[in-house]
K.L.:
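Just passing along the structure, written as structure tokens.
If you're wondering where the values come from, they're calculated on a predicted model, not measured in any experiment. Proteins get letters first, then strands, A, B, ... in listed order; numbering begins at 1 in each.
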Protein chains: 2
Amino acid sequence: MRDKNPEKRIRILDAALKVFATRGFYNAKVSEVAKEAGVADGTIYLYFESKDALLIALFEDRMQRLIARANDEIARTEGTVLDKIRQAIALHLSLVLDDPDLAEFITVELRQSGKFVKEYDNPKFTEYLRIFRDLVLAGQEQGLIRRTVDARLVVRAIFGALDELLLTLSLTHRNRSVDLNATVDGLCDIFFDGIRARPAH
Amino acid sequence: MRDKNPEKRIRILDAALKVFATRGFYNAKVSEVAKEAGVADGTIYLYFESKDALLIALFEDRMQRLIARANDEIARTEGTVLDKIRQAIALHLSLVLDDPDLAEFITVELRQSGKFVKEYDNPKFTEYLRIFRDLVLAGQEQGLIRRTVDARLVVRAIFGALDELLLTLSLTHRNRSVDLNATVDGLCDIFFDGIRARPAH
DNA sequence: CAACGCTGAATGAGCGTTCATTCGGTTTCG
DNA sequence: CGAAACCGAATGAACGCTCATTCAGCGTTG
């Protein structure tokens, strides 16, 4: 189940992403994934236990890559913790253009996985959130981020906003061309400084 | 299809909410909804065209109620536009305790509806977002909210945060008792004033 | 030729939907 | 007024189709 032909396993995962993203997990047929991968239906079952297991493996794989990329880009980013948060936000939103299938997959399918793929609590997702949380905590220690805000809440709020935006962008970017930079700047502006008008002083 | 017995139609919708929320739309059987409603399987089809149509009708119905409640509570709320936004946030999050099934339904099923229930673009959802947008726009006209932020983006960010929070709360509140007020205050603090530490002056 | 990866047609369980039948209520008629 | 005829909502067993999964056989390799 594990090895055999690693390249074929990858082809199946790639195909699954494409098919699940376009048709949705429940509407997708295993035979469609097989066809897209250029493989026989039965071959899928030489590499994955079941359709559910394929879904989970796909999560693990893609989240792992996203985590690696995020850590990497954050490490590369010069500047304050706030700059690093901006970079993480930019990376997340860039998925719409970089990998639209992954964007749709994450925004739509991630929701159910926790709830309906039994006993799977999605550790990779938690790990991804931890990246943001660590940045916020570091910012608070450095005095760059207010200590009165709850880091956990900030992370949920930011991720929620990103997720919703990614979904909206995914569903509309066929038409309009998107200015991601403007969106990233706008979001950071909101989260960093709030929407309340400050009296001149 | 429309009437016959309106009370029975309501029973079916209530049952559908319960079953869809606990098992998920795709895992839920029509026969389970029928059983929960105390009706025969075939009766469902006297009131709704199909399982999909039942899902959509459920959306319409529940979103309509939510919109009505939000408009009502906002109208009742004394104070500035920011106070009204706080009230709308509080209402949304209060679903976890008030109507946990509806909370799970909205957070999990709303995601797919746009994408997979064909040609259904969910006008009620748009209407719900408009409530927030109008508040933000009013706030900008009154000089209470910065004019430089994009109202549409603010609304998406707030709704995204609310949605994510509602999901998290739904999945965990079995264990911990939740302090909703603290969460609402925390969120408003973040969105109103941002997370950046302001230098003393 | 043994072992193994792979194939894809066959299987059969699951489930949305249908429809012949039931039955409580209402109207018609003697 | 009582009975017969009718109505149509409700029922739930049965249908038929859709896949996830299996497995007997094929080609390939060492």
Side-chain angles (χ1 to χ4, degrees), chain A residues 1-59 105 108-109 112-113 115-120, chain B residues 1-59 105 108-109 112-113 115-120:
Chain A
M1 176 73 56
R2 216 71 276 265
D3 319 288
K4 313 201 188 215
N5 186 340
E7 180 266 333
K8 191 161 287 188
R9 187 187 142 90
I10 289 168
R11 278 225 314 280
I12 295 172
L13 285 173
D14 289 348
L17 175 59
K18 188 167 181 177
V19 176
F20 290 172
T22 36
R23 317 233 320 131
F25 177 71
Y26 287 104
N27 294 312
K29 302 176 208 175
V30 172
S31 64
E32 288 177 315
V33 175
K35 192 174 186 183
E36 176 71 32
V39 158
D41 296 6
T43 305
I44 305 263
Y45 290 86
L46 297 176
Y47 291 86
F48 303 94
E49 288 251 335
S50 63
K51 192 187 177 191
D52 279 4
L54 173 58
L55 178 69
I56 291 176
L58 184 55
F59 267 130
F105 180 70
V108 176
E109 307 298 335
Q112 285 124 311
S113 69
K115 202 157 174 346
F116 302 121
V117 181
K118 57 250 159 201
E119 18 238 69
Y120 174 59
Chain B
M1 175 74 56
R2 214 74 273 264
D3 315 295
K4 315 204 184 213
N5 184 342
E7 179 266 334
K8 191 161 288 191
R9 187 186 143 89
I10 289 168
R11 278 225 314 281
I12 294 172
L13 285 173
D14 288 349
L17 175 60
K18 188 166 182 178
V19 175
F20 290 171
T22 36
R23 317 233 324 129
F25 178 70
Y26 287 105
N27 293 313
K29 303 176 209 176
V30 172
S31 64
E32 288 177 314
V33 176
K35 193 175 184 181
E36 177 71 33
V39 207
D41 296 7
T43 306
I44 305 260
Y45 290 86
L46 297 178
Y47 292 85
F48 304 95
E49 287 252 335
S50 64
K51 194 187 176 190
D52 279 3
L54 174 57
L55 179 70
I56 290 176
L58 184 55
F59 267 129
F105 180 70
V108 175
E109 308 297 337
Q112 285 125 310
S113 67
K115 204 160 170 341
F116 302 121
V117 180
K118 58 251 159 199
E119 21 234 69
Y120 173 58

K.L.:
In whole angstrom, give the distance that lies between atom CZ of B/R9 and atom P of D/dA9.
P.N.:
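Spelled out: CZ on B/R9 to P on D/dA9 is 15 Å.
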K.L.:
Specify the separation, in whole Å, of atom CZ of B/F48 and atom P of D/dA10.
P.N.:
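That distance rounds to 12 Å.
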K.L.:
Atom CG of A/N27 and atom OG1 of A/T22: how far apart are they, to the nearest 0.5 Å?
P.N.:
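Here the interatomic distance stands at 10.5 Å.
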K.L.:
Within the sub-3.5 Å range, which N or O atoms of nucleotides 22-25 of chain D have a protein N or O partner, and how far apart are they?
P.N.:
none

K.L.:
Taking CG from A/L46 and P from D/dA20, how many angstroms apart are they, rounded to a whole number?
P.N.:
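Result: 17 Å.
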K.L.:
Mind checking the CG-CD1 spacing from B/L17 to B/I12? Nearest 0.5 Å is all I need.
P.N.:
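With rounding to 0.5 Å, CG (B/L17) is 14.0 Å from CD1 (B/I12).
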K.L.:
Using a heavy-atom cut-off of 4.0 Å across all strands, would you classify B/A28 as base, sugar-phosphate, or nothing?
P.N.:
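It contacts sugar-phosphate atoms only.
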K.L.:
Atom CG in B/D14, atom CZ in B/R11: separation rounded to 0.5 Å?
P.N.:
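Reported to 0.5 Å precision, the distance equals 9.5 Å.
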K.L.:
Does anything in residues 20-31 of chain B pair up under salt bridge (charged side-chain N to carboxylate O under 4.0 Å, His left out), and if so which pairs, sequence neighbours excluded?
P.N.:
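Applying salt bridge (charged side-chain N to carboxylate O under 4.0 Å, His left out) to every pair that reaches into residues 20-31 of chain B, excluding sequence neighbours, yields B/R23-B/E32.
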K.L.:
List for me each residue that meets side chain to side chain contact (heavy atoms under 4.5 Å, CB included) alongside B/E36, sequence neighbours excluded, and say none if there are none.
P.N.:
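Once residues adjacent in sequence are excluded, the partners of B/E36 under the side chain to side chain contact (heavy atoms under 4.5 Å, CB included) criterion are B/A15, B/K18, B/V19.
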K.L.:
Please lay out, stage by stage, how B/V33 and B/F20 fare under the test side-chain contact (heavy atoms from CB on, under 4.5 Å).
P.N.:
CA-CA 8 Å; B/V33 176; B/F20 290 171; 4.0 Å; yes
K.L.:
Calculate the interatomic distance between A/D52 atom CG and D/dA20 atom P; express it in whole Å.
P.N.:
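Rounded to whole Å, this separation is 10 Å.
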K.L.:
Atom CD1 of A/I44 and atom P of D/dC19: how far apart are they, to the nearest Å?
P.N.:
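Answer to the nearest Å: 15 Å.
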K.L.:
Could you state the CZ-P distance from A/R23 to D/dT18, rounded to the nearest angstrom?
P.N.:
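Taking atom P of D/dT18 as the reference, CZ of A/R23 is at 12 Å.
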K.L.:
How about B/F59 and B/F105: are their ring centroids closer than 6.0 Å?
P.N.:
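When the ring centroids of B/F59 and B/F105 are compared, they turn out to be within the sub-6.0 Å range.
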K.L.:
Tell me which residues in residues 29-39 of chain A put a heavy atom below 4.0 Å from DNA chain D, sorted by number, or none.
P.N.:
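Going residue by residue through residues 29-39 of chain A, the ones with a heavy atom under 4.0 Å of DNA chain D turn out to be A/K29, A/V30.
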K.L.:
According to side chain to side chain contact (heavy atoms under 4.5 Å, CB included), who are the partners of A/A53, at least two apart in sequence or on a separate chain?
P.N.:
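By the side chain to side chain contact (heavy atoms under 4.5 Å, CB included) rule, A/A53 matches A/E49, A/S50.
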K.L.:
Going 5' to 3' along DNA chain C, which are the first and last nucleotides with any atom under 4.0 Å from a heavy atom of chain B?
P.N.:
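Counting from the 5' end, contacts occupy C/dC15 to C/dT18.
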K.L.:
One pair to check against side-chain contact (heavy atoms from CB on, under 4.5 Å): A/F25 and A/D52. What are the steps and the verdict?
P.N.:
CA-CA 9 Å; A/F25 177 71; A/D52 279 4; 3.3 Å; yes
K.L.:
Run A/L13 and A/F48 through side-chain contact (heavy atoms from CB on, under 4.5 Å) and show every step you take.
P.N.:
CA-CA 10 Å; A/L13 285 173; A/F48 303 94; 3.8 Å; yes
K.L.:
Among all residues two or more places apart in sequence or in another chain, which pass the side chain to side chain contact (heavy atoms under 4.5 Å, CB included) test with B/V30?
P.N.:
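Partners of B/V30 under the side chain to side chain contact (heavy atoms under 4.5 Å, CB included) test: B/I44, B/Y45, B/K51.
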